[in-house]
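Inspection log for the structure reproduced underneath, given as structure tokens.
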There are 2 protein chains.
Amino acid sequence: MKPKLTLKQIAYELDVSVSTVSKALRDSPEIGEDTRQKVKAFAQLYNYKPNNIALSLKNRKTRTIGLVLPEIVHDFFATVISGIEEVANKKGYNVIICLSNNSFDREVMNMEMLANGSTDGFILSVAKETQQKGDYHHLQEVINQGMPVVLVDRVVEEIVCDKVIIDDAEGAAKAVQHLIDSGCSNIGIITTVDYVSVGKLRTNGYLDALRKNNMVINDDLILKIEDIDQSQEQINEFLKNRSVDGVFAVNEQFATSAVKALSTKGLKVPEDVLVISFSDGELSRRFMPSLSTVNQHGAEMGAKAAELLIERLERPVDEEHYQTAIVRTSLIERESSLKTKKAVV
Amino acid sequence: MKPKLTLKQIAYELDVSVSTVSKALRDSPEIGEDTRQKVKAFAQLYNYKPNNIALSLKNRKTRTIGLVLPEIVHDFFATVISGIEEVANKKGYNVIICLSNNSFDREVMNMEMLANGSTDGFILSVAKETQQKGDYHHLQEVINQGMPVVLVDRVVEEIVCDKVIIDDAEGAAKAVQHLIDSGCSNIGIITTVDYVSVGKLRTNGYLDALRKNNMVINDDLILKIEDIDQSQEQINEFLKNRSVDGVFAVNEQFATSAVKALSTKGLKVPEDVLVISFSDGELSRRFMPSLSTVNQHGAEMGAKAAELLIERLERPVDEEHYQTAIVRTSLIERESSLKTKKAVV
DNA sequence: TACTGGTCCGAAAACGTTTTCGTGTTGAAA
DNA sequence: TTTCAACACGAAAACGTTTTCGGACCAGTA
């Protein structure tokens, strides 16, 4: 219950001035050898640690990163956090996390809260609702105040700042190409509505792959889902009436729902239909059949974002030159897209 | 790129003193009506927001909660965070998250980092390595400094403070009872080594249920896993040589591995063997068969923890009376434990 | 006129640091 | 003996707030 030790307290105990204590602890040559020893010994003994808040006020730097995410119960964002934490901690930064729950208002609130001195900069993945609204004034505002922002995954073109994305379209194309190479000729896609930037890009990748292979594009094989809570029903309905031999789903949830829907229809994966997913998580790895998927390397993305932000924070004079880092995806082949004897025949 | 507006700046512009500005903004009766209007108008116009750091220094309160977790890529902890965030934000608190990655050293480092003024208190779930070591000096230290701590889920008895736990043993017993009620007579358990507090409790619950039903306890049906990375092999081996009609797994990972092991052995769930899991997450919900499980209500636990902490932070004079909140688990019955016709016969 | 009381505002301290600058003491050189 | 570095330390300002206290001014009263 004892209050924390301060410089003033040390100074009082040792009968020297506060400045002397400060300088002694920081090994200033202004301080004589014996007083330095005395002060350091005392500080060590009572485990003195400078107060972060006071330092922040003095230096106008908090060494804290504000992280605003749409959700967290989602392996992808969880791995992103891990990546950020990893490099932030290594460089002596703390991370304040706020969740927007995909709500525009909460995103704005969180940023305002953190922008008043609590953090030096932001890493953010914009909420779904924000992308829908297309209102990004809160981002521009903190940028105008001189706080660097790094956008991750769900980025927005209108804002100029550092960004970390994956090659969504390319990754999707790779996945679809894999299906094609495995003999699929009738490939459906289960994706999100277009205003979700990554959903749209993945849809584009799907289309690209089909075109590149001179396959017909059938709009009837494209399912765009708005609300994940009703996805299972929609997917059931979608697959019931269509005969596909391959399904590309833009996330794990849709992929598992697809497998389930096919199963109720009496179709097995991968024997009858191949399925490939996007975003590698526990679910893909442990599902039966295990899901082939496009790995987003969330930890790498987080790490890269933290590096970009910290670099910008610590660069002496900022040369307004922003970069967009692209983290390459990789295809992970598992059971759900395994070419079976039947498919080969 | 303009620096943030400060009281001093406003005072200068309006040709009044800093104290006048401060008081005007806080509706002090000391300030005349017209100056108050003037100041408020100016502040509103230029969107003045007080600097959090300065307030923290002045008030010796940061309105931030330090959260230290073993991991985050794990639905349970993710939901805990959601719950904490929810109530913290509602009460005007920020949350700084640090990950220990189940390492003792990182846990200590993180706490030391945050204890130097960055947070008003802690919510923490102790790292596996810490539980193994049994070294809790870092917890006692921050408590001695007057910072309240709330332990969540993985608690430690030696430390007196507020705690939030679930009825691990009871929940496990409920799960096993459910298996028994469904006709299982030969129930295996896949659990963790004993130093993981919750693992031990769940094992106890398993034993309790068996005893209560006058069933023999067969040590050969108890598998204790140390390292999750080798769990699949161990579970395969375990189930290969034993004939069980029910399996209780203390987490989702073990449960899915069990289903897989049984499957390779030619046994189907739930037709041949019933399986029940612990800790409800995306995996349990989406697995095929969907997994019956004991719901830990992570969000509730997080919310309760945040409430306990904030209450203690804001109570004027603290009456050293700590409580342990128990969040009741609930059994969720899904396909993996569905009594089938076969089992009924 | 002299006092009282109220209204409205500013000076200053405080939170815990760091850093600039000034100053007193010493010892040696002149 | 005087002068002057060099040395060792302290005072004070600053970061952005809030709050206590004191004081100026004015109107009203005796």
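We use all heavy atoms of the structure for the numbers below, so side chains are in, but hydrogens, waters and symmetry mates are not. Chain letters run A, B, ... following the sequence lines, proteins first and then strands; every chain starts at 1.
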Choosing from C/dC15, D/dA14, C/dG10, which nucleotide comes nearest the side chain of B/Arg60?
-> C/dC15
The side chain of A/Lys58 lies closest to which of these nucleotides: D/dG16, C/dC9, C/dT18?
-> C/dT18
For A/Lys90 and A/Glu307, what are the C-alpha separation, side-chain angles and deciding distance, and is it a salt bridge (Lys or Arg N to Asp or Glu O under 4.0 Å)?
-> CA-CA 11 Å; A/Lys90 196 177 298 167; A/Glu307 280 165 15; over 6 Å; no
Is the side chain of A/Ser22 donor-acceptor paired with the backbone N or O of A/Val18 at a distance under 3.5 Å, no angle test?
-> no
Which listed nucleotide (D/dG10, C/dT18, C/dA11) is nearest to the side chain of A/Arg26?
-> C/dT18
Per B/Asn51 side chain, nearest of listed nucleotides D/dG16, C/dC21, C/dG16 = D/dG16
Any donor-acceptor pair under 3.5 Å linking the side chain of B/Arg154 with the backbone of B/Val126?
-> yes
Taking only the side-chain heavy atoms of B/Ser19 (C-beta and beyond), determine which of C/dA11, D/dT17, C/dG16 contains the nearest atom.
-> C/dA11
Would you please confirm or rule out a distance under 4.0 Å between OP1 or OP2 of D/dC9 and any side-chain N or O of A/Thr35?
-> yes
Rounded distance in Å - CD (B/Glu33) to P (C/dG6) | 20 Å
What is the distance from NZ of B/Lys61 to C1' of D/dG16, rounded to the nearest Å?
-> 20 Å
Of B/Gly32 and B/Asn59, whose nearest nucleotide on DNA chain C comes first from the 5' end?
-> B/Gly32
side-chain N/O A/Ser22 vs C/dT17 OP1/OP2, d < 4.0 Å = no
Could you tell me whether the side chain of A/Lys4 has a donor or acceptor atom within less than 3.5 Å of a complementary atom in the base of C/dG16?
-> no
Under 3.5 Å donor-acceptor pair, A/Lys8 side-chain atoms to C/dT17 base atoms | no
Counting only N and O atoms by type, is there a donor-acceptor contact under 3.5 Å from the side chain of A/Glu129 to the main-chain atoms of A/Phe104?
-> yes
side-chain N/O A/Tyr48 vs C/dT17 OP1/OP2, d < 4.0 Å | yes
Would you say C/dC9 has OP1 or OP2 under 4.0 Å from some side-chain N or O of B/Ser17?
-> no
Is the backbone N or O of A/Lys128 less than 3.5 Å from a side-chain atom of A/Asn102, with the two atoms forming a donor-acceptor pair by type?
-> yes
Checking only heavy atoms, does the side chain of B/Glu30 share a donor-acceptor pair with the base of C/dC8 at less than 3.5 Å?
-> no
